[in-house]
Each structure stands twice: as structure tokens, then as C-alpha cells.
Amino acid sequence: MPKVTINENLCKGCGLCAEACPRGVLALAADELNAKGYPPMKVSNPGDCTACRSCAIMCPDCAITVER
Amino acid sequence: MPKVTINENLCKGCGLCAEACPRGVLALAADELNAKGYPPMKVSNPGDCTACRSCAIMCPDCAITVER
Amino acid sequence: MKDLNVLLAGFGGQGILFMGKLIAYAGLIDGREVSWLPSYGPEMRGGTANCSVCLSDEPVCSPLVTEPDILIVMNQPSFDRFIGSVAPGGIAIIDSSLVGGKTAREDISSFYVPATALAGEKGLQGLANIILVGKMLAETRFCSLDTMRAAIEKAVPPRKQNLVAGNMRAVELGMDS
Amino acid sequence: MKDLNVLLAGFGGQGILFMGKLIAYAGLIDGREVSWLPSYGPEMRGGTANCSVCLSDEPVCSPLVTEPDILIVMNQPSFDRFIGSVAPGGIAIIDSSLVGGKTAREDISSFYVPATALAGEKGLQGLANIILVGKMLAETRFCSLDTMRAAIEKAVPPRKQNLVAGNMRAVELGMDS
Amino acid sequence: MAVVFEKPHALTDAPTHYCPGCTHGIIHRLIAECLDELGLEGSAVGVAPVGCAVMAYNYFSCDMIQSPHGRAPAIATGVKRALPSAAVFTYQGDGDLAAIGTAETVHAAARGENICVFFVNNAIYGMTGGQMAPTTLPGQVTQTSPYGRDVKTAGYPIRVCELLSTLDGTAFAQRVAVDCVRNVLAAKKAVKKAFQTQLDGRGFSIVEFISSCPTNWGFTPSEALVWLREHMLPYYPLGVYKDTSAQAQGEAQP
Amino acid sequence: MAVVFEKPHALTDAPTHYCPGCTHGIIHRLIAECLDELGLEGSAVGVAPVGCAVMAYNYFSCDMIQSPHGRAPAIATGVKRALPSAAVFTYQGDGDLAAIGTAETVHAAARGENICVFFVNNAIYGMTGGQMAPTTLPGQVTQTSPYGRDVKTAGYPIRVCELLSTLDGTAFAQRVAVDCVRNVLAAKKAVKKAFQTQLDGRGFSIVEFISSCPTNWGFTPSEALVWLREHMLPYYPLGVYKDTSAQAQGEAQP
Amino acid sequence: MNMAQRVLMKGNEALAQAAIDAGCRCFFGYPITPQTELAAYMAKQMPKVGGVYLQAESEIAAINMVQGAAAAGVRAMTSSSSPGISLKTEGISYMCGSDLPALIVNVQRGGPGLGGIQPSQADYWQATKAPGHGDLHILVFTPSSVQEMVDLVGKAFDLADKYRMPAMILADGLLGQMMEPVEIGGKEVPVPAAKPWAACGHRNQREHNIVNSLYLTASELEDLVKKRFERYREIEAKEPLCEAYLVDDADIVVAAYGAAARIAKAAVRTARERGIRAGLLRPVTVWPFPKKDFQAAARHASRFLCVEMNMGQMVDDVRLAVECSKPVGFFGTTGGVIPTPAQVLEQIENLSGGAR
Amino acid sequence: MNMAQRVLMKGNEALAQAAIDAGCRCFFGYPITPQTELAAYMAKQMPKVGGVYLQAESEIAAINMVQGAAAAGVRAMTSSSSPGISLKTEGISYMCGSDLPALIVNVQRGGPGLGGIQPSQADYWQATKAPGHGDLHILVFTPSSVQEMVDLVGKAFDLADKYRMPAMILADGLLGQMMEPVEIGGKEVPVPAAKPWAACGHRNQREHNIVNSLYLTASELEDLVKKRFERYREIEAKEPLCEAYLVDDADIVVAAYGAAARIAKAAVRTARERGIRAGLLRPVTVWPFPKKDFQAAARHASRFLCVEMNMGQMVDDVRLAVECSKPVGFFGTTGGVIPTPAQVLEQIENLSGGAR
Ligand SMILES: Cc1ncc(C[n+]2csc(CCOP(=O)(O)OP(=O)(O)O)c2C)c(N)n1
Ligand SMILES: Cc1ncc(C[n+]2csc(CCOP(=O)(O)OP(=O)(O)O)c2C)c(N)n1
Ligand code: SF4
Ligand code: SF4
Ligand code: SF4
Ligand code: SF4
Ligand code: SF4
Ligand code: SF4
Ligand SMILES: [Mg+2]
Ligand SMILES: [Mg+2]
């Protein structure tokens, strides 16, 4: 089963992955900041992921791992 | 009457004027050096000059005056 | 009046430098000697920002505040880094919405103000920093409220004077918190 | 042997520096200390060239010859400029084909050799400079003829050793003139 | 379960100092992926610029040299001449490459220096806080063009690929963008081609990345990519500007 | 009797230090003639390079500034910005303009700096005694390419007009030669056009003169002109590379 | 700004405004931390006064644009920080050789190399001994407050014009970045003296002017350099500036300039409170170096202490000024570290302990 | 060249050959008088030994190519003359900051600015005090004969490698252009020590190497600079070189280096002939400055005389070395003028008259 994982410590909450995801799998944390002060990206609809890698391709911080 | 004059002090004996002259008016001095150690250009056939200015146009040292 | 050495610290984008400007302008308006020194350069981006402000009756010698009389912090890393440097008898004002821990120091007065949360509640988004300045004002009375208003008017760009009112509300909120 | 400070001067293209090399190589071959210093840079082009050579039994201190024991000149400007600088008791060797005047100095020995004309006459075009070196050799005996031949062999590039004979003829011509 | 995407080996584990959404990170990854795929990490020597990417030396796992501002192509030349078997690349911003480093860039290209230049064009001096770059667009407001870049006084933006393609030593020049998945994937191909050009000994290669600087442009990361697409791409057309590979010689060029 | 040719007023009476038959002298005269004919001597400020023409400040009658090597376009920019009404020109060799001064040249052009650049391409460093220049031809022997310029290590010659014509700020760029009467006369027209471009406020103009250096090429002056014609002109085609004048916009360009 | 006002300004911006007030109408720069605000301010304000702001393609281009504008006779300036100043050294040397006035601002940062961006004074030697190749000097001013950033700019332009040579404001990141109240403006923009030597077009009314540093005849070049050095000697006699603080009876004299002097002053003040006869000599010009002030202090002081944000670059100048008659100690930080008053105080206390 | 020979060579060419003999395999340069022969020689010879000769587009490119090659671990060098050296100062500072060894040759000419092309020593201050921005030093060797041009090159490379810093041969047009007999060659090309820090590709066998001069944390940068200065102190203790000529009993000690020292030596010799107790101290390294030799001489000498081809740049170093205990006079020429032995002798005679 496709699986997308986000390393919240590396994530800077830029939102580019969510923007790139064709399936709306990802969304920024609403009320949470990571150690660096950014709201980390969250996998909000894991079941919809197709492992297309679009999110990871756009992530500037290598915060995303995609498995299948 | 066309008249070409060479300032022998400025002349460096490069020969470009003679090369450019369509009428063979000019020739380098054979046995003479000017103060700078160059054989100066001489007007050897003044009568053939047509004041075409070719010599002066090619002279790098503004050593030639042409009159008509 | 006593010299006042203030250190302000938090993330870039939280208005740390602006806080410093307010305090510096207040000093200027009151005719005191003043210095304002930001941290600068790439470390500002993404990383932390901090700012030293000195108010004094004599020309300020070192504008770099290493042992603040007053520390205001708006994030955890700055809290961790600076809380130990506050001068004994000094004051620490902490945005407790953003900083989890508490200091064990008893030789300083620490105030935990949930400024970011408060700002959100009261419709003063982005003015958590000003709330903390209000708290500082309440605790130190380093200037009058009129001076503070005048300082805000100077610090806010001419074309944005409509923001002055909100800022003043934030100051007052901070004073009461 | 006595120190020998030589100044060679003329137009660029007359082989002034080569003259200097010959003398320097002769010194080297005889195991003496030697220095050779050219004038350099744009002044060489079109303008005058000159060259200082020192031969000594001790390390040469100043390679710049300002009061030559021997002066060889191959044009009028150099004659005018340097004839006054020859050390009293020194020698001046002048290519009289190219230099019109004569010096009034009586404290030096002056030799007027029509080297350029001679070279032309004897089919040694371009070797006027070597003729003058020959004259210097005759007047000073600063080295043996064998050394001079060896110096020429060294100074002439390997691929042009066929020129050695002509050079030696020029030396001899100079010695006899 | 198979990992289908993860951090390439040629990137270190160090978190970068880049702003959120800064495309420098994407470009780093593309280069690292190509180093991985071509097996070059062990023979590569990278040259970091002065610019936001100055600390690239911490991020690439290969040997790295930090260069004076603009001089990366000269540093890279020194390395390549000393070690012809090394895979040498520079990573440079637009201020670095197209302003202070103009001479070094042009001459590395003219020499056909057998190195790869990765050129991040974000139309601004990022590191120093947003000054006008040689590639800043006409009318664009920056810290040092506060009234918008006025071409009458500040001149015209430089199109680097076009400029360098006039030089005989340039073997490969392509302009790519990193604003969307499709373009990022195309960009990676260009990076690989650049390395291949070097491996083939064909000379100077450059990949120009049209990039964003959300912080100094004053946009969110995704707004910045939209601005890039709408404003930069028309001025800086994507495409292969030069390719001397045998394969490309058959194809048409733009 | 009427004088039909004499030294222009904008040249001083100082004899030049150039070698016999060096074309620098011809080019000086052309510029001076144009200053005379356009009445610009009094408003002109010339910038002399470092190169054989370094002492051009003694030869032109207008006000002159001697520049550091390669920086003449920057010096000229300073003058022009300070005194917009001055007629500002630089006079530069190929080492000066196309090697050390590459950045200053490219950026003066990119800025559309309203100055004239007179560029003497003699394929060599004349002043310093004949080293390889950026414009030295492949295979050409010089002091620093003693085995002939090997493009594999020393790179390819730069065609400056082609390079600068890719820049939007370049208003006028023409390559001329000074090897024969006809070409010298054409060169003069180009010089005048360059000044006119500046007077019209149209921006950066450059005239590249294909020139000779008999001394360092090791030829007689007239042999040198033949070599120029046979070897340089094929590599450096003459012509107008850019002309933004209204008039030219109607015409075709090469 | 038409009337002098007391305003809060960053050192970088105040300096820029002061330059405009001093009649500078050409600024050429290239971005570098920590001087960026200076250029940004110029970009905004120069167009308003009809002046020129131009961002050059490099520091080298910038200094040469300055040279061109200065040669044309206008007041011109550039600013940069340490690595950028190194790149300007050829141009500075040319301006010295061509006798051109101009202002160069160095807002120093930590070095060597790319170093860091925090405040430093490690370019003291470069500024005072070798701002370029050849025998030369430039005027070097070391402000230690934002107010002085303002006041010294006009002075620097005036002396540069008077002596026909470049002047430098040697500041640092601390002074550039900090805000302090300053009085600024309110004066007429001065009309600089005529520059008959300028290359600005002779209008067919005079001989052509030549601005040049090349003299192929060595003796001619020597004569010029020696004449220039006579001017330098005059400057060394007339123009040194120095602030003396509690020096009259001082036993321990701290020597410090620029930002370090502020910190040293605090330490000296506290030392006095603790009964130590400390004083501060603060060179405001470091070339010319205020030798006389040091000689005077050496008469009563038992020792000197240099405090610098470098590895001790002024120490030798102090030793030479006092003719090695008194020991000269050193305390410094480098790499962008700013010393604290407490650290300096400790040094003073150690010395005074040692001296007693 | 396989056996040492006594041959007649120009200083520039001899230096080049000696560099090749010392294992230098990368030369990057840019033409400038009076060092052109050095580059021309390299262009001819480097290809024969499989080395790299590359004419860079500028001095800046050249020094950065050197930096790249040095970072990659090979022996690399560049050469230039005064204006070109100014342009290299940023690069030199980077190499200091990155702890990179390399050789820089400055065949000095008259300055400032374009100046002239005749021999000069006017870059002494630049070489010894500020070859770049920031706190730094480079090794500076001052040969005074063609033989020393040869001998010091190997030494310079070795010490540069040992201490991981740039070294400079500070020569001048006289030494560069003159021919003298030299013994050269005949030694094995040394195999330089391994450079485990070099950025040459890690072959997946070690951590990646980073060659860098940026340290944004001020305290980290400070630590590094201070460590580097410890190395400098070690060098100052161990590596100064100085020739003493007739100094043991000298009353008047002439201090001169490089070409000026040859002339001074002639004058000292004549002075002795005339019964004046003159001697010569000739620093062979000017950084580190041979202080001890001067201190020793100060014990018996009554005065010092610096002779330089500049306006007196070494004078302060001598005064500091002798702790201002003896007067230090100066005689110099500048702008490319070469002093004569007679001029120097006159100075010595004047001093000895004054001293008696
Ligand atoms: C010689 C020198 N000049 C200037 C600087 C300051 N500086 C640091 S980064 C930079 C510009 C960076 O812009 P760019 O190359 O476009 O890279 P970006 O930050 O946008 O990625 C400048 C001018 C410097 N460090 N050194
Ligand atoms: C900074 C600097 N580098 C190098 C030189 C030496 N130099 C003088 S002229 C010249 C080259 C001249 O060649 P070019 O520009 O082609 O002019 P030409 O003499 O051929 O007319 C060089 C490298 C210098 N004076 N300054
Ligand atoms: S892999 Fe594709 S579907 Fe899954 S989260 Fe990423 S972009 Fe969305
Ligand atoms: S793209 Fe990467 S850094 Fe940005 S929000 Fe997504 S996971 Fe975080
Ligand atoms: S004017 Fe014409 S015909 Fe007369 S000499 Fe000159 S070239 Fe010959
Ligand atoms: S072209 Fe001029 S310089 Fe040359 S020979 Fe003729 S007159 Fe003389
Ligand atoms: S300033 Fe711009 S280029 Fe630099 S890291 Fe931030 S977003 Fe990226
Ligand atoms: S060296 Fe060449 S370019 Fe220079 S003056 Fe002589 S011929 Fe002309
Ligand atoms: Mg950029
Ligand atoms: Mg040339």
C-alpha cells in the first residue's frame, strides 16, 4: 500500500508538497509548530495516496519519503 | 597641382603609405635614418600624385599631408 | 533614571526588531540616550532574531546587551539560550503560548504571558509582541503611556497610522495581563 | 682581474642585448661572477635598448651600470645620453656609421668604428654589434678568443650554430679595426 | 514495501538553512540524485558560491570547496586542471555568476572548461536581503531598485544561456524551471546531461534553473512559483540552447 | 592650394610611441577625425586602457583619463553618470576588454550605458610583449602559446560583437578592419555612427577594429595586414551586428 | 531634511544621508552584509536629489565608477565590507596615484576570507598601511557612534578634496547596524571647491586635462611620489584627530577606536569608579595616527592597553607613537566577537594590580 | 634538467624552473611586466613535465585557480606584479582563511596605480601587513640574487605546505630581469607530504572534505583565527631568515632586503674600506621578520639605516625590532629608481660623521 511519510523536523511548512499532491493527501498542521517554529506538514488522508511522488519531488527539504 | 608632403620626423618608415599608393609616388629612403632610427618615407615621384589620399589614410602616424 | 538594558528574542517575523524600535523611540521621546542593535544577516532568515536596546541618561557605551535587565522571549530556543543571562534582579517576560518551560531562577522576576494566544482571542493577530511590550511597561514603568503612544506613532510608517489604535490596545492588554 | 662594468646601448633590434649576453657568457665560461641586466618594457619597442653587464671576481652587487668602464653605443641618442657617464680612464666604443658627433672627453679612450658600414661591406649584415664586441675584446682583452668562441656557441641557439662562424669573423674584424 | 522516494545519498543529513519553500533545496536534491545515479559522489568536487547556497558545502556529501563571490568557475578550473578525473561542478546564484563572476563565467565557457555549472536564477540577491540582480526583471521592485528596475538607469536583465551559447567552448546549455513536478523532472534530466557532457570530455556545460526566492520577493512559496511562471518564464524561455552531443547534433535546436 | 588631408585637431602633436606600421595610429586618427567633424572635442572625455594604447591620453586633445587594466567601461560609466552631457568613449585592446575587463564590458553593454567603446582586436597582448589574448586564433603562436594556441587547453577565441549583441542594452555593434583604404574608410563611418548613437541617447555602442601588431606577430607592417586579412577576417566576420537606430531598423541585418 | 533633527537612525543610513548632505551626488556600490542598508538608502534617496545611485556589477566596477566620477570632478563614494574592500585595492591605489578625492566606506566584518558577518576591526592594517600597492596613504576615519558616522563624512569629503586623495570611513558592523539618536541635516549642501584638474570636457577653453597614474620614466614617478609624501607629512602634522577621556592624570591608558572604544569607555568609567586611574585615548583618525596625543599621555601613564576587535593591529602604532617608552598591552576579540566592558575592565584591573 | 648546472638565467626564468623542480605542477597567471618571462617559461616547460600552464582571464581568476588547485591538494602557484597583486588580495585572504598552501610571486614595479614598470619594493607593507582583509599573515621571502630566487622557491613551497598557508616571493623587476649564473636542478622532484584535508574526491572512503573560510558563528571564527595565530607565533619563533654581513662589530648597521640589499652591500664594503664600521643585515624573510638578528645587532650598533626602493616601509619594523633603542635612519628611492652604491655610501658616511 502506498505510504507517504513526513519528517516533521526537516519540514518547514512551505506547503509546496500539498500544492503538488493531486489527491489532497497532505495538509499543514493547524495549531502546532515544530522546533524551528514552523507548522509541519501532516498526512491527513493517508488512504488516498497513490505514491505518485509529486509531493516529494517538490519538497525542497527532503522531508518526504514515499513507499509502495 | 596635387602635393603630398611627408613629415620625416613623425615617419617610422613602415611602408604602409607606399603600399597603398596606386601611383608609386612614394618610396623608403635607402641610406638614411631619421632621429628615431627609422628610414623615412620619401616622395620619389611627386609628379604622379593624384591627391587621392590613400597614403594618408593608411599612415598610422599622421605623417602625411595632402594638398590639391 | 536607571539604565535599562533590554534583550528581545524570538523567531524572525514575530516583530522582535519592531518591539525594540518602540522601546528605543520611547527613550528618544523622553530625551534619553538610546541604542538599538539588531542581530543581522542570514541568521535572521528562518532562524532566530534578537535585538538589544539600551536606555540611559548618559551616552550608551556598549549597545550589545549581554546581561539584560529585561528579557522578552517569544520562542523556546531563545528562552533556553538567554534566560540564564538575565541580570540578577532583572525581569523576564515570556510568551507562554510559544515557550513551554519555566525557569528555576529565583533571583529574577519572571512573567508568563500567553501573548500569542491572547492576541488571537482579542483580534489582535500579529500583535503578540506589543502585548509583551505592554507587560514590560506595566512592570517597569520605563515610560509613560503617552510616550508609548507617541513611540508607536513614530515607529509605525506614516501610511499605516491606522494601525496605531490596535497597537495601543495591545499595549493596554499587555499591561493588564 | 679587475671588475668590468659594461654598458651597451642603441636602438631596439640592433642586437644590444645579445652583445651583453656574449660578454656575460664569456665571463661565465671563465668562471667569473657575472650579471646581465637589460632595460625592459615598452621603452624597448621603437625606442632605445640598453643593457648592463658586470664581470667580477666577487659576487656582483649592483647589476645596474651607471658609470661604465666600457660603453658601446650604436645610436646618437645613446651616445648623447651616456658618453658623459663613462668612468674616467674608461673606454667608449662608438659605431661611427650611426653616430655623427665625437666626444670632447680626454679622460677616456674613445674608439670610432664604422661597424654598420663595415658589416655591410664584408657581408656581415646584422653583425655590427659583434664587430663592436670584437673591438672591445681587442682593447681590453677581457677574455681569450677561445672563450669568446665558446661564448658565441652558447649564446647562439642550438639550431643556429651555423651562425657561429659569421660571428667569429665579425669579432675578428672588430679586433682588427 | 519498497521505498520509491527518499533523500539521495549525495546529500548529507544536515537540515538546510534555506527559507521555507526556497527552491535551492529542490535543486540541491536534483544534483545529488544525479551524483548518486551516475556513481559520482566519490569523484566529485563541488564548488559552493557566495550567496544563499554558500553553505552547500554542508549539504552535499562529496568533497566541497567554498569559493570567493563569483569565482567558482575559476576555483573549479583549478580543481579540474589539477585533477582531470574529478567530476567538478559549481553551484552559483545569479549575483554570483552573472554579476561579479561574469568574467570567470564567460571565460570558463570560452575555454570549454570541462566542468558543470549549475546556475540558480532567482532574479535577486537572496543572501544579502533582496537587492537587484543582473537577472532582476524590468520593473521588479527590490531593495536597490525601490521604484522598480528602471532599464534606463539600471540596464537590462542578462540572459545567461543565450550569452554563453555564442561561445565555441560551451558544449551544453539548457534553461529549466523548478516550479512544478514536470519541470523539476525535466531539470533533473538536464543536470544529468550536464554531468554526462563532462564525463564525455565535451567541455563546458551550464544548467540555468529559473527559481524562486519567496522571502525577498515577498510571496508565499506557492505564490512565488506562480510569479516565477508568469513573469520569469516569458523573459527567460526554457529550452536547450546548445548541445554538442552527437545525439543532439541530429536534432533541431531552438 | 587646399589641404585635403592633414592631422585632425583632436589629435595632439605628440609623436606616438607605437611601433612602425601599428594600426593603433590609424584608429586614433579615425576617432579624432570624428570628434572634429561632430564638434565633440570640447565635450569629450576619453578613457585610455592599459595596453599599448595606454598613453592615448597624450595623443587625444580632449580630456582624458587613464584607467586600470580592463576597467575602462566602469571609469566611463562613472564619468557619463556624473556628466551626462559629456561625449564619453573608451579605447581598449583585446586583453583589456575581452579578458580582464569582461565583466565591465558585458555589464556596460547590458546596462545600455550611453558610451562608445572602441575595441582594438589585434589577437595579442601587444604591450606586454606578445602573450595570448582571448582573441588569439586557434593555432596562433604567441609567447604564452608557444606551441600554437591549443583550443583543448587554452580554449576558443571570443567573438566580442557576437557576444555583446545578445544583450538588450547594446544599441550599436559593428566590426570593421583597418587593413586597407576601403576598410579604413568604412571604419570611420562606424566610429561616427557610434558617437551618433551616444548623441541620440540610444545606449551602448561598440566598434571592433580588426587590427595588426606587426612587432609581436613577427611580420613587417604590410605582411601583418595580409595576415590579418587572411587569418583574422574569416574568424571575425566584418559587419554591423546590431543597430537600433530608426534608420537601421528598416534595413536588414547580418 | 532641511532642519537639523534628532532622529533615530541606523549608522549605515545616517552615513548615507550625511553623504548626500555633504554634496555627494554619485554612489556606486555592490551589496554586502553588513553595509547593505547604506546602499539601499542611497537607492531610495539619490534619485530625489538628482543624484546617481548605481549598483555596479562588482566592487571592482564600483570603485572604478567612483574613480571615473571623481576624475570628472564630482563628489563620489562607494561602500563595502572587508572582502569587497580587498577587491577595491587596485582601484584605490590608482586613485592615490592619480590624486583623486573620493570616499570609501568599509563596514568591517570578521575575516579572513569570507569569514563572518559580525562586527570586526581586522582591516586596520589594510586601511592604514596598504590599501593598495605602492607607496601611498589614504585618510582613515574611525567613527565610534552613529553621530560620528554623520559628522566625519563631511570632514572626510572636505579633506579628500583638499589633499586630493581618497578618504575612508573605517566602520564596522556594530556601527552600521545600530540605531542611535543623531542630529542630522539642517545645513546647506556645501559647494565643493572648483577642480581645475578634472577631466570634464575642456570646452575648447583650456589645454586638455589628463588624469593618470602612469609615469614610465622612473625619476618622474619618483618626483611625484616624493611630492605626494610631502603632502602626507603635512597631513600627519595637521589633521590627526583623537578623543581623550580621563587621560590627563591617567596611569593606565586604554587605546581603542570605533566600536571597541565605546566598550573600552564603559570599562574605563567603571575602573575610575573602582579607584583605578584609567583613561581612554580614542583615535578618530588612524591615518594620520594621533601620535602627539599618545606621546603626551606617555609622560604620565605607566602603561597602555590596546583594545581592538582584531588580533592587535594598532599595537605597533601605539608602541611607535610612544617610542617603545612604555609597555603596550593588548586585549582583543576577533572573528566578529564583540568584547564586553567586563572583559576590558578585567584587563585594566589586572594591569593596575600589576602596576601597583 | 637532471644535473645541477651553473647556467646563466634570468631571475624570472630561474624562479620558474625552480618551481617546477620543487614539484609545482600548476601555474596560473596573467601577463604583466616585469614578470612576463616567468609565465612564458612556464608556458613552454610545464607541458613537458605533464604540468598545467594556464593563462587566466585576469589576476583574480588566476589566484582563484591557484586556490582550486591548492584545495585539490597539488602544488600550485601564480605570479604577477604590483597592480596584479592588489587584485589577488581577496583570494589571498580566502586562502589564509581556508588554510591553503600556495606560492604567489610578486615581481614588484613602481607604484602607486599603474605607476611604472621599473624595479621597486613599494609593496612591502602590503606583503607583510595586509596581503588581504582580516587578521592574517603570509610567509614572505625576499631573494636578492637569481640564485636565491631559485633556492627560496623550494623553501617557500615546503613551509607553505607545513604551515598550511600561502607564501610569497617578494622580488622586483631587477631580480626578475637580470641574468646571473645559478646552480639549478639536479635534485629529485620532492614528493610533497600527503594532504588529508584536500578536496580531491573522497572515493567513498572517508567523510567529505570541506575547504572553507566561512564561519557564521563569531566565536567559532574567533577560535580558528586564534589557533592560526598560534601557528604564526611558532613561525615567528622558528622561521625568520636573515643574512648578516660584517655585522659582528658594526657601528652602523644597514638594513636592506632584495635588490636594495645588493646595492647596500657594495656600499658597506666600500665603507669598511674607508674605515667605517658598517655592516649589513639582510632579511631573507620579511614576515616573519628576523627580530632577533636586529636585537643582537642593536647591542653594539649605534644606529641603523634602512635602504629600500620605497618611501621607508621597513623602517618601523626595524624600530620595533630594536624597541626604539637606536635611531633608525632611512635612505630610499621610489617609483622604479634604483639607488646607487655611491648614494648609499654617502648616507653611511654622513651617519658615521654624525656618530663620531
Ligand atoms: C566580494 C563579495 N562581495 C559581496 C559579497 C556579499 N554577497 C553575499 S551573497 C551575495 C549575492 C548573492 O546573490 P545570488 O548570487 O543571486 O545568490 P542567492 O542568494 O540569490 O542564491 C552578495 C553580494 C561577498 N560576500 N563578497
Ligand atoms: C592589473 C593589471 N594586469 C596586467 C597588466 C599588464 N598589462 C599591461 S598591457 C596588458 C595587455 C595589453 O593587451 P591588449 O589589451 O590586447 O592591448 P594591446 O597592447 O594589444 O593594444 C597587460 C596584461 C596591468 N598593467 N595591470
Ligand atoms: S505521493 Fe502523490 S498522492 Fe501520495 S501524498 Fe505524495 S503527491 Fe500525494
Ligand atoms: S514541501 Fe517539504 S518542507 Fe514543504 S511543507 Fe511539504 S514536507 Fe514540509
Ligand atoms: S595622395 Fe594618392 S597618389 Fe598621392 S602619394 Fe598619396 S596615395 Fe599616392
Ligand atoms: S605610412 Fe606614415 S609612418 Fe609609415 S612610412 Fe608612410 S609616412 Fe612613414
Ligand atoms: S533568501 Fe530567498 S534564495 Fe535565500 S534561502 Fe531564502 S528564499 Fe531561498
Ligand atoms: S606592440 Fe603591437 S600593438 Fe603595440 S605598438 Fe607595437 S605593433 Fe602596435
Ligand atoms: Mg540570486
Ligand atoms: Mg591586443
Side-chain angles (χ1 to χ4, degrees), chain B, chain F residues 1-33 36 52-53 59-61 120 122 177-189 209 211-215 219-226 228-229:
Chain B
M1 214 195 57
K3 183 176 166 208
V4 60
T5 322
I6 290 172
N7 181 333
E8 293 192 9
N9 288 326
L10 289 179
C11 176
K12 292 175 184 156
C14 70
L16 292 184
C17 53
E19 187 96 5
C21 175
R23 313 269 302 178
V25 174
L26 308 170
L28 274 186
D31 263 334
E32 192 183 317
L33 293 185
N34 67 10
K36 287 203 199 100
Y38 301 120
M41 187 57 66
K42 298 282 178 182
V43 184
S44 55
N45 300 308
D48 290 354
C49 177
T50 61
C52 73
R53 305 178 309 152
S54 294
C55 53
I57 287 166
M58 289 307 292
C59 176
D61 288 279
C62 278
I64 303 181
T65 309
V66 184
E67 289 161 293
R68 180 155 48 199
Chain F
M1 239 175 21
V3 171
V4 294
F5 194 103
E6 63 180 344
K7 185 189 75 61
H9 188 270
L11 282 188
T12 66
D13 290 332
T16 71
H17 67 290
Y18 299 115
C19 304
C22 173
T23 49
H24 270 303
I26 300 178
I27 300 164
H28 279 33
R29 195 191 66 233
L30 297 181
I31 295 168
E33 285 172 358
D36 277 11
C52 276
Y59 308 145
F60 288 106
S61 316
V120 179
N122 59 8
V178 288
D179 61 323
C180 62
V181 172
R182 200 172 57 104
N183 279 342
V184 170
L185 292 174
K188 179 170 170 187
K189 281 210 185 109
F209 301 84
S211 311
S212 73
C213 174
T215 299
F219 294 131
T220 67
S222 42
E223 281 168 7
L225 295 182
V226 174
L228 177 167
R229 208 170 300 136

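Numbered from 1 within each chain, the chains take letters A, B, ... in sequence-line order. Fair warning: this is a prediction, and the values are worked out from it, not measured in the lab.
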Checklist outcome for this item: Note: B:D48 and B:R23 closest approach over all heavy atoms is O-NE, 2.9 Å
Checklist outcome for this item: CG of B:N34 to CE of B:M41, rounded to nearest 0.5 Å, is 11.5 Å
Checklist entry - Considering all heavy atoms of both residues, which atom of F:S212 and which atom of F:T23 are nearest to each other, and what is their separation? => result N-OG1, 3.0 Å
Item to check | chain F interface, residue from B:R53, B:E19, B:K3, B:M58 that has the most non-hydrogen pairs under 4.5 Å | outcome: B:M58
Next on the checklist: When you compare the side chains of B:T65 and B:N7, does any donor N or O come within less than 3.5 Å of an acceptor on the partner?
Outcome noted: no
Item to check | Proximal component of F:L30, with respect to chain B [non-hydrogen, under 4.5 Å] | outcome: neither
Next on the checklist: Would you call the rings of F:Y18 and F:H24 parallel, tilted or perpendicular, taking 30° and 60° as the class edges?
Outcome noted: parallel
Checklist entry - Pick from F:C22, F:S222, F:A2, F:P8: which one has the most heavy-atom pairs with chain B under 4.5 Å? => result F:A2
Checklist entry - Under the side chain to side chain contact (heavy atoms under 4.5 Å, CB included) criterion, do F:F60 and F:I31 qualify, and how do the steps go? => result CA-CA 9 Å; F:F60 288 106; F:I31 295 168; 3.9 Å; yes
Item to check | Under 4.5 Å from any heavy atom of chain F - which part of B:L10 | outcome: side chain
Checklist entry - B:A20 versus chain F, heavy atoms under 4.5 Å apart: side chain, backbone, both or neither? => result side chain
Checklist entry - Of all of F:V184, F:L11, F:T16, which one pairs up most often with chain B through heavy atoms under 4.5 Å apart? => result F:T16
Checklist entry - Non-hydrogen atoms of chain B under 4.5 Å away: do they reach the side chain of F:I27, the backbone, both or neither? => result neither
